[in-house]
Amino acid sequence: MIPESGASQQVFIAPSELSSKAHIPNLETYKELYAKSVENPEEFWKGLAKEFYWEKQPTGQFLDYNFDVTKGKIYIEWMKGGITNICYNVLDRNVKEKKLGDKIAFYWEGNKPGTSLKVTYNELLQNVCKCANVLREQGVKKGDRVSIYMPMIVELVVAMLACARIGAVHSVVFAGFSADSLCDRIIDSHCSLLITADGFCRGDKQINLKQLADEALNKCKEKNFPVTKCIVVKHLWKTEPSSNDVCAEGPSPLKRICQNLQTPWNAAIDMWWHELMEDASDQCEPEWCDAEDDLFILYTSGSTGKPKGVVHSIGGYMIFTATTFKYVFDYHPDDVYWCTADIGWITGHSYITYGPLANAATSVLFEGLPIYPDESRMWQIIDKYKVSKFYTAPTAIRLLMKYGDEPVKRHSRKSLKILGTVGEPINPEAWLWYYRVVGEERCPIVDTFWQTETGGHVMTPLPGATPLKPGSATLPFFGVVPSILNESGEELEGEAEGYLVFKQPWPSIMRSVYGNHPRFEKTYFRKFPGYYVTGDGCKRDKDGYYWITGRVDDMLNVSGHLLSTAEVESALVEHRAVAEAAVVSHPHAVKGECLYCFVTLKEGRKFSKTLEEELRKQVREKISPIATPDFIQYAPALPKTRSGKIMRRVLRKIARNEKDLGDTSTLADPAVVDQLFTSRCQMFNV
Ligand code: PRX
């Protein structure tokens with residue numbers, strides 16, 4: 001790729017060898033197709049929907065929607081009346097119609113080097129059918145919700161697809177979440193069954209997942225929501241050799257053991273996965289579903305502190321994840337693709353499970369950590385499987401960058417063709433390192449902007465077509481119409497900065513917040529009627545390129561994971577010593593942003609290191625280790641307006657030790673600010 005130096009920005013163009021073979025080989029083709037996709041979205045997506053299997057073709061109105069709250073209920077319907085099954089489309093269609101049963105669907109790479117498996121499309125289909133029969137046997141029916149709390153193992157994909165096969169709605173809860181978080185999510189979505197695993201290892205640390213699952217189920221029971229069925233995958237104890245194993249490293253590569261673990265067991269509820277699977281048939285007729293039936297619920301942080309169950313429906317999600325995967329990663333049948341995200345997040349749902357499988361791709365499914373057992377693990381895996389398309393997060397890039405170029409250069413990486421990032425804005429320095437060192441200046445980087453709510457990439461370069469600018473998510477994907485609004489809701493033209501919104505629906509936009517449609521309308525459509533509001537700020541430059549500037553609401557992005565300040569505040573105030581808490585975001589060199597918490601204490605309580613540790617533990621246990629605060633500052637009082645609203649803008653400045661506070665005329669007691677600067681100095685010993 002040749003950098004074209006502009007006055008203020010560098011532009012990078014894909015090598016012609018890559019462009020000439022790309023599905024979208026140049027910007028003109030992109031522009032032509034983009035124009036078609038937004039002028040007549042129905043025709044555009046109709047063409048793509050034809051590639052899928054429909055038990056009954058969508059013959060009615062292809063798209064129907066209302067984006068304007070002032071005109072009534074918000075709804076989005078794509079292909080309603082079309083009857084299909086997404087599991088059939090991502091498995092049976094590949095095996096039966098395309099005859100790709102022997103193709104590898106996943107190379108599973110365990111936490112410890114030397115543990116790996118390969119799974120073909122045939123094997124995946126057989127296992128999914130068995131699991132689907134198991135679920136039916138357990139009484140799970142179309143529309144029922146199933147919670148899945150599992151590590152990054154093939155059984156997780158099997159469980160998701162088994163739900164989809166029988167029309168059940170999966171709700172995957174990231175295995176890094178606490179028992180409290182799992183309990184809240186199970187209750188909110190009224191799940192009837194939980195699928196989990198005995199445990200797993202992250203680096204040298206063993207996580208006894210079943211124990212956490214049990215705690216969650218006990219909490220559910222206390223809250224009058226008894227879950228009576230729990231299926232447990234024996235992962236840590238799996239010692240039987242499998243003929244599928246592809247790994248020849250280490251003395252005992254087939255052992256997936258970290259250490260002995262006594263799995264806590266409640267015979268009234270718990271069932272071993274392998275025992276149920278053994279007796280199940282590998283033939284299973286799919287449940288034929290409407291394109292608009294629910295496919296899954298995935299929780300994402302909400303600014304009120306209570307996570308929102310984002311609901312995605314089957315048909316639109318299927319065609320959009322399949323299409324974005326194909327074009328954004330310029331997928332070709334001989335690719336080996338690797339997305340390092342956890343399936344517990346939307347990236348894993350769309351770009352490990354559904355998008356790649358819909359394209360019959362071969363993917364790496366990685367259980368471990370980027371720097372375990374050493375900092376060259378990622379590059380070693382890339383060489384091992386000859387990965388050609390690699391998709392990761394800026395936080396991982398920044399972490400790996402800290403170790404310098406040597407660990408990268410220890411491995412050849414010559415198979416790499418395209419690199420991707422997702423989750424947060426990538427700083428140009430990290431972008432350039434990724435481009436120069438990892439990709440050796442021959443791999444375009446697709447900086448994909450999207451959200452749990454959007455289901456798939458909405459702003460992204462296409463690798464063979466879009467000239468790249470480090471830090472910019474560039475241009476909209478097909479069918480996506482972005483706009484930038486000012487505070488009064490006016491659309492800004494040309495170079496501009498403001499709120500990023502979308503003007504019309506693309507197929508995989510979320511359909512609702514589970515059990516709370518008014519919250520869906522309020523969060524995304526009320527502020528600017530007629531638009532979907534992303535909650536992100538954005539700049540458009542003179543070339544029409546979009547640059548995401550970060551959240552404009554009370555959310556923050558820690559290592560690519562969205563958290564709401566309210567969620568963390570409520571975990572802090574649950575501590576008996578805390579009277580009030582305010583949480584703001586603070587820049588962090590690796591995580592992007594981190595949590596800076598101000599706490600005021602109840603009368604008679606004293607701030608101490610012990611209390612600080614207790615508070616950190618409390619947040620970890622209530623939410624997840626991801627939410628662990630980096631800074632906790634004692635605040636004798638919080639800066640408030642006369643009406644009692646906490647001035648977070650002022651707190652953000654104090655956290656950064658920036659003395660220029662801007663307009664503080666609304667501050668009820670300006671002395672509070674001085675006190676906070678003083679207690680900050682004490683905290684940092686300056
Ligand atoms: O703030 C944006 C940021 O992540 C948010 C969405 O988070 P979540 O729903 O957890 O999904 C993350 C994975 C899709 C967005 O509102 N974000 C995501 N990708 C980018 C980004 N910010 C800048 N550039 C990106 N490429």
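For reference, positions follow the sequence shown, starting with 1. When a ligand or atom number is given, it counts from 1 through the structure's own listing order.
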Less than 3.5 Å apart, N/O on ligand 1 and N/O on the protein: could you list those pairs with the distances?
residue, atom, partner, partner atom, Å
ligand 1, 1 (O), Asp536, OD1, 2.6
ligand 1, 1 (O), Asp536, OD2, 3.4
ligand 1, 4 (O), Gly423, O, 3.2
ligand 1, 4 (O), Asn557, ND2, 3.3
ligand 1, 9 (O), Thr452, N, 2.8
ligand 1, 9 (O), Thr452, OG1, 2.6
ligand 1, 16 (O), Gln451, NE2, 2.9
ligand 1, 16 (O), Asp536, OD2, 2.4
ligand 1, 16 (O), Arg551, NH1, 2.7
ligand 1, 17 (N), Gly423, O, 3.3
ligand 1, 19 (N), Gly423, N, 3.1
ligand 1, 22 (N), Pro425, N, 3.4
ligand 1, 24 (N), Glu424, O, 3.4
ligand 1, 26 (N), Asp447, OD1, 2.7
ligand 1, 26 (N), Thr448, O, 2.8

**Item:** Sub-6.0 Å ring centroid separation between Tyr514 and His190
**Value:** no
**Asked** Will you find, in the side chains of Arg145 and Ser171, an N or O donor that is under 3.5 Å from an N or O acceptor?
**Response** no
**Message:** Would you call the rings of Phe329 and His457 parallel, tilted or perpendicular, taking 30° and 60° as the class edges?
**Reply:** perpendicular
**Asked** Mind checking what makes side-chain hydrogen bond (donor to acceptor under 3.5 Å, both in side chains) contact with Tyr596, not counting sequence neighbours?
**Response** Gln633
**Message:** Using the salt bridge (Lys or Arg N to Asp or Glu O under 4.0 Å) criterion, which residues pair with Glu493? Sequence neighbours excluded.
**Reply:** none
**Message:** My understanding is that only residues two or more places apart in sequence, or in another chain, count here; which of them pass ring-ring contact (aromatic ring centres under 6.0 Å, His included) with Tyr30?
**Reply:** Tyr34, Phe478
